[in-house]
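This report concerns only the one structure given below.
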Amino acid sequence: MPITKSAKKALRGSAKKRVFNNTRKKNMKDAVKRIKKSLMVKDVATAESKLSEAYKAIDKAFKRGVIKKNTAARKKSRLTKAIIKTKKAK
C-alpha cells in the first residue's frame, strides 16, 4: 500500500485509468471477435463492413497506450489478410 501522499494520489489516478484502459481493450477485442465470427460463417461482406470499426478500436487502443504500435499494425494486418483469404476461398 502507498505510504506517501503523492503515492496515494497516484494510486487513485491509476485505478481510474485502469477502468478506461480495460474498456478500450475490451472494445478492441470485441471488434476483432465480430470479424472472426463473420469469417467463420464465410460472410465476407459483413466482415468487410466491420473492418473499419475494428481499425478504429485498434487505433484508439494504440493512441492511448493500451497496446504498442507494432501490435496494432500486426492485428490490422492479420484481420485484412484473413478477409482476403476468405474472399479467395469463396
Does anything in residues 61-78 pair up under side chain to side chain donor-acceptor pair (under 3.5 Å), and if so which pairs, sequence neighbours excluded? Asp59-Lys76

Which value, rounded to the nearest 0.5 Å, describes the distance between Thr4 atom OG1 and Lys9 atom NZ? 12.0 Å

Per the salt bridge (charged side-chain N to carboxylate O under 4.0 Å, His left out) rule, what does the pair list look like for residues 30-40, sequence neighbours excluded? Lys26-Asp30, Arg34-Glu53

Looking at NZ of Lys60 and CD1 of Ile67, how far apart are the two atoms once the value is rounded to the nearest 0.5 Å? 13.5 Å

Minimum heavy-atom distance between Ile58 and Met28, given as atom pair plus value: CG1-CG, 3.6 Å

Residues Arg24, Asn21; criterion side-chain contact (heavy atoms from CB on, under 4.5 Å); working and verdict: CA-CA 5 Å; Arg24 282 191 192 97; Asn21 289 341; 3.5 Å; yes

My understanding is that a hydrophobic cluster links ILVMFWY residues whose side chain heavy atoms are under 4.5 Å apart, including indirect links. Using that, what else belongs to the cluster containing Met1? Leu11

Supply the atom-to-atom distance Ile83 CD1 to Lys88 NZ, rounded to the nearest 0.5 angstrom. 13.5 Å

Closest non-hydrogen atom pair between Leu79 and Ala54, with its separation: CD1-CB, 4.0 Å

Could you go step by step and tell me if Thr46 and Val41 meet the side-chain contact (heavy atoms from CB on, under 4.5 Å) rule? CA-CA 10 Å; Thr46 308; Val41 294; over 6 Å; no

